[in-house]
J.: 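Structure below; questions to follow.
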Amino acid sequence: MTFSQRVYSVVKKISKGSVLTYKQVAEKSGSPKAYRAVGNILSKNTDPLIPCHRVIKTNGDFGGYNGLMGRKIALLNQEGVE
DNA sequence: GACCTGACTCAAC
DNA sequence: AGTTGAGCCAGGT
């Protein structure tokens, strides 16, 4: 089980209406200081099962996610995410 | 195996 | 409060 796999598991466990920061994911993944790796891995593995859009920056702002979404994210936010 | 990159975060200016 | 520099991690080249 590599760190990336752990990150995937954590992100996939995010419930609707909940958002985790890269730091939170890193902590749950086992390495509280691996926030760097989290962003890096997610960027290279944009799996459809991974709601990367639910992963935001610690300041509460939206992260990158260059995905083909865009406004879909806003819709998702309306689902329950602030 | 070493160096570079990146969707980050924190502390200091 | 905004910008800059430094620090950390895993993956890719």
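As a basis for the values below, the full set of heavy atoms in this structure was taken, side chains included, without hydrogen atoms, waters or symmetry mates. Reminder, nothing fancy here: chain letters follow the sequence lines and each chain counts from 1.
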J.: Which is true for A:Y22 with a 4.0 Å heavy-atom rule: it touches a base, it touches only sugar-phosphate, or it touches nothing?
T.: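 Contact class for A:Y22: base.
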J.: Report which part of the nucleic acid A:A34 touches: base, sugar-phosphate, or nothing (heavy-atom distance under 4.0 Å, all strands).
T.: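 The residue A:A34 makes sugar-phosphate contact but no base contact.
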J.: In whole angstrom, give the distance that lies between atom CZ of A:F3 and atom P of C:dG12.
T.: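 That distance rounds to 14 Å.
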J.: Do any N or O atoms from the side chain of A:S31 and from the backbone of A:E27 form a donor-acceptor pair under 3.5 angstrom?
T.: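 Side chain of A:S31 to backbone of A:E27: no pair is present.
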J.: Please determine, for the side chain of A:S43, which listed nucleotide (B:dT9, B:dA7, C:dA10) has the closest atom?
T.: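 Selected nucleotide (nearest to the side chain): B:dA7.
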J.: CD1 of A:I41 versus P of C:dG12: gap in Å, rounded?
T.: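 After rounding, the reported distance stands at 9 Å.
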J.: Picking from C:dG11, C:dA10, B:dT9, which would you name as closest to the side chain of A:T21?
T.: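 Closest nucleotide to the A:T21 side chain: B:dT9.
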J.: Rounding to an integer number of Å, can you tell me how far A:D47 CG sits from B:dA7 C1'?
T.: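 The answer, rounded to whole Å, is 15 Å.
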J.: I want to check something: taking the side chain as every heavy atom from C-beta on, are A:V55 and A:T21 in contact at a cut-off of under 4.5 Å?
T.: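 No, too far: nothing below the 4.5 Å cut-off.
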J.: Once you apply a heavy-atom cut-off of 4.0 Å, does A:L42 come out as touching a base, just sugar-phosphate, or nothing?
T.: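 If one applies the 4.0 Å heavy-atom cut-off, A:L42 turns out to touch a base.
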J.: Grab the NZ-P distance between A:K57 and B:dG6 for me, whole Å please.
T.: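 Those two atoms, NZ and P, are 15 Å apart.
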J.: Can you tell which of C:dA10, C:dC9, B:dA7 lies closest to the side chain of A:Y65?
T.: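 Given the options C:dA10, C:dC9, B:dA7, the side chain of A:Y65 is closest to B:dA7.
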J.: Just wondering, are more than 12 heavy atoms of other shown residues or ligands nearer than 6.0 Å to NZ in A:K28?
T.: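 Incorrect, the count does not exceed 12.
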J.: Looking at the base of B:dA7, is there any donor atom on it, or on the side chain of A:N40, that sits under 3.5 Å from an acceptor on the other one?
T.: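 Flag unset: no donor-acceptor pair detected.
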J.: Which nucleotide sits closest to the side chain of A:T2: B:dT9, C:dG11, C:dC9?
T.: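 Shortest atom-to-atom distance from the side chain points to C:dG11.
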J.: Report yes or no: do A:D47 and A:Y8 form a side-chain donor-acceptor pair below 3.5 Å?
T.: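 No donor-acceptor contact under 3.5 Å links the two side chains.
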J.: Quick one: do the A:T2 and A:S4 side chains pair a donor with an acceptor below 3.5 Å?
T.: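 Side chains of A:T2 and A:S4: pair found under 3.5 Å.
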J.: Please give, in whole Å, the distance from B:dT5 P to A:Y35 OH?
T.: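 Those two atoms, OH and P, are 20 Å apart.
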J.: On DNA chain B, nearest-nucleotide positions of A:V38 versus A:T58: which is more 5'?
T.: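 Its nearest nucleotide being more 5', the pick is A:V38.
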J.: What is the separation between atom NZ on A:K23 and atom P on C:dC9, rounded to the nearest whole Å?
T.: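 Whole-Å distance recorded here is 11 Å.
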J.: Using the closest heavy atom to pick a nucleotide of DNA chain B for each, name whichever of A:A37 or A:N59 lands nearer the 5' end.
T.: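 With A:A37 and A:N59 compared, the 5'-side residue is A:A37.
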J.: In whole Å, I'd like the distance from the NZ atom of A:K33 to the P atom of B:dA11.
T.: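 Going from A:K33 (NZ) to B:dA11 (P), I get 12 Å.
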J.: What is the distance, rounded to the nearest whole Å, between atom CD of A:E27 and atom C1' of B:dC10?
T.: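 After rounding, the gap between these two atoms is 14 Å.
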J.: Please check the phosphate of C:dC9 (OP1 and OP2 only) for any side-chain N or O of A:S31 closer than 4.0 Å.
T.: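 No, no such contact exists.
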